[in-house]
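Starting from 1, each residue takes its place in the sequence as its number. Every heavy atom of this structure was used, including side-chain atoms; hydrogens, water molecules and symmetry mates were not.
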Amino acid sequence: MTSPQAILAGAVLIAASILFVNTIRPAEAQHMGPFQLMHHSNTTANAGVFRLDVSTGEVTYCFVTADSALVCSKTVR
């Protein structure tokens, strides 16, 4: 193989690698519905999350109590 052929083969290999990588979907959690969970930054409050319904804009605050019960607030807009 001559030098020009080797350079061309390398360029083709690099181009094919770039195209292959661009077709792979990134890793992501399985989409289970219209909700997003957002952690709050208040260190004095119960550890919990805001549950946002992205289709309606409704927000609920949910947290786990000392006896391992899940408690969620009323939904607000």
Side-chain heavy-atom pair F63, T65 within 4.5 angstrom cut-off
yes
Interatomic spacing from CG in L19 to CD1 in I14 - rounded to 0.5 Å:
12.0 Å
Say you draw a straight line from OG1 of T75 to CZ of R51; how long is it, rounded to the nearest 0.5 Å?
6.0 Å
Distance, nearest 0.5 Å, that separates CE of M1 from CD1 of I7
11.0 Å
Same cluster or not: are I18 and L8 linked, directly or through other Ile, Leu, Val, Met, Phe, Trp or Tyr residues, by side-chain heavy atoms under 4.5 angstrom apart?
no
Co-members of V49 in a cluster of I, L, V, M, F, W and Y side chains, linked at under 4.5 Å
L37
Mind checking the NZ-OG1 spacing from K74 to T60? Nearest 0.5 Å is all I need.
11.0 Å
Chi angles and distances behind the side chain to side chain contact (heavy atoms under 4.5 Å, CB included) call for C62, V71
CA-CA 6 Å; C62 299; V71 177; over 6 Å; no
Separation between CZ of F35 and OG of S55, rounded to the nearest 0.5 Å:
7.0 Å
